[in-house]
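A short worksheet on the structure shown next.
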2 protein chains.
Amino acid sequence: MTINYSLLEETHFIEDIGLFFEQMGMPRMAGRILGVLLISDPPAQSITDIGHRLNASKSSISIMTRLLTENGLIERVASPMPRRDYFRFKPGGWVIYMRQWLELMAGLHKITERGLALVQDKPDAMKERLLEAHDLFSFLEENFPLLLEELRQKRVLHQNNGK
Amino acid sequence: MTINYSLLEETHFIEDIGLFFEQMGMPRMAGRILGVLLISDPPAQSITDIGHRLNASKSSISIMTRLLTENGLIERVASPMPRRDYFRFKPGGWVIYMRQWLELMAGLHKITERGLALVQDKPDAMKERLLEAHDLFSFLEENFPLLLEELRQKRVLHQNNGK
DNA sequence: CTCAACGTTTTGTAAATACTAAACGTTATG
DNA sequence: CATAACGTTTAGTATTTACAAAACGTTGAG
């Protein structure tokens, strides 16, 4: 009996993406699905396909593809076969994901402002704690998008050079 | 009967930090503790103090302060009273927290390299998905620390001006 | 028209999680 | 020396969560 080593390595890769997602506080299965869609050939796979690849139930896949879609990491694509929904990794997905993360952080920036209002009559030393968060997150809110834009331009350039 | 409005607002603030933590995938109680330590007067509070403020059990506080300490957001400080452990928000805590977040992202960058090895024989179009993650996260790994340093210098400058 | 293949939704369940309560060890105080 | 205050650890519990199985609705093929 022969062992398909690359299949093993694929599974390992898929599981690692799953573990990464778990660390980020989301369901491991969502990460596994993304893992499949990052290396699948062809890139677009149906829910049934993914379920077979992962030995997971259709219901899980259905729910988690919805979650991934909301997060902007995957998208539905027109199906070559009728009566099937295909999903693929969404180009630019990670950037969208980062932007959502940034929004979460920006939320904290608002909360710290309310905190500062609570300690407004106290000495500056008491405000420093909150200012630290406030300054960091408003700085990120302002500069992180620039960083992403910088990356985008760098990639466009690189792609053109590759031609 | 009079109502202590600022206490209500404090509780609201504390709970919002808790909810933020929950969204980040960590226990809400940890966020509530941080919330207390962001507005408490004095900044350093004992486990018992925090427990009273939150109507929460000492065991929770004990475990969650450990978690927050590991995350670099709070720290033990020398106790004025004997036989008590005091905690306070750790100066620079959010930056430490960001750095840990970045390490997590950098981990993904390694995983995608393994993914690229799996599709090395396939056309470039199949690699683009993985390259997108790879490029983004190695870019972040390289440039995010610079962003944090930029902020640090800006804050130092601002502090000096304030004097 | 019937059946089969899909994806979705609902229901059920096992495991993980976030807490509390109780037991414990340590040390300062009376 | 005894007791009380404190933090830690362990044990217990209730809720949440991540999944699977089953029921359901839809649509295309025969």
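Only a predicted model underlies this, so the values are computations on that prediction, with no experimental measurement involved. Below, chain A is the first sequence line, B the second, and so on; all start at residue 1. What you see below is based on every heavy atom in this structure, not just the backbone, and it leaves out hydrogens, waters and symmetry mates.
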For this session: Taking side chain to side chain contact (heavy atoms under 4.5 Å, CB included) as the test, write out the residues that go with B:S46, two or more places apart.
Result: B:T48, B:D49, B:R84, B:Y86
Exercise. For A:R66 and C:dG7, is the shortest distance between a side-chain N/O and OP1 or OP2 below 4.0 Å?
Worked result: no
Exercise. For C:dT20, does OP1 or OP2 lie under 4.0 Å from any side-chain N or O of B:S60?
Worked result: yes
Exercise. Which residues within residues 22-38 of chain B lie with some heavy atom under 4.0 Å of an atom in DNA chain D?
Worked result: none
Exercise. Among residues 51-59 of chain B, which residues get a heavy atom nearer than 4.0 Å to DNA chain D?
Worked result: B:K58, B:S59
For this session: Answer yes if B:M24 and A:L19 sit in the same cluster of Ile, Leu, Val, Met, Phe, Trp and Tyr residues linked by side chain heavy atoms under 4.5 Å apart, and no otherwise.
Result: no
Problem set entry | Test salt bridge (Lys or Arg N to Asp or Glu O under 4.0 Å) applied to A:R152 and A:E149, step by step | CA-CA 5 Å; A:R152 198 186 64 80; A:E149 176 57 23; 3.0 Å; yes
Exercise. B:Q45 side chain to B:P42 main-chain N or O, any donor-acceptor pair under 3.5 Å?
Worked result: yes
Exercise. When you measure from the side chain of A:E132 to the backbone N and O of B:G92, does any donor-acceptor pair fall under 3.5 Å?
Worked result: yes
For [X] and [N], what is the distance between atoms [atom1] and [atom2] respectively, to the nearest whole Å?
{"X": "A:I61", "N": "C:dT9", "atom1": "CD1", "atom2": "P", "value": "15 Å"}
{"X": "B:I63", "N": "D:dG7", "atom1": "CD1", "atom2": "P", "value": "14 Å"}
{"X": "A:R76", "N": "C:dC6", "atom1": "CZ", "atom2": "P", "value": "15 Å"}
{"X": "B:D85", "N": "C:dT26", "atom1": "CG", "atom2": "C1'", "value": "12 Å"}
{"X": "A:L67", "N": "C:dG7", "atom1": "CG", "atom2": "P", "value": "18 Å"}
{"X": "B:L19", "N": "D:dT16", "atom1": "CG", "atom2": "C1'", "value": "16 Å"}
{"X": "B:D49", "N": "D:dC6", "atom1": "CG", "atom2": "P", "value": "8 Å"}

For this session: Compare the minimum distances between each of D:dT9, C:dG7, D:dT8 and the side chain of B:I47, then state the nucleotide with the smallest one.
Result: D:dT8
Seminar exercise, completed: The residue, A:S46 or B:M64, whose nearest nucleotide of DNA chain C is more 5′ is A:S46
Exercise. What class does the angle between the rings of B:F89 and B:W94 fall in, given that below 30° is parallel, 30 to 60° is tilted and above 60° is perpendicular?
Worked result: tilted
Exercise. Hey, what's the ring geometry for B:H109 with B:H134, parallel, tilted or perpendicular (30° and 60° as the breaks)?
Worked result: tilted
Exercise. Between the side chains of B:R53 and B:T11, is a donor N or O closer than 3.5 angstrom to an acceptor N or O?
Worked result: yes
Exercise. Quick one: do B:R114 and A:E9 make a salt bridge, cutoff under 4.0 Å?
Worked result: no
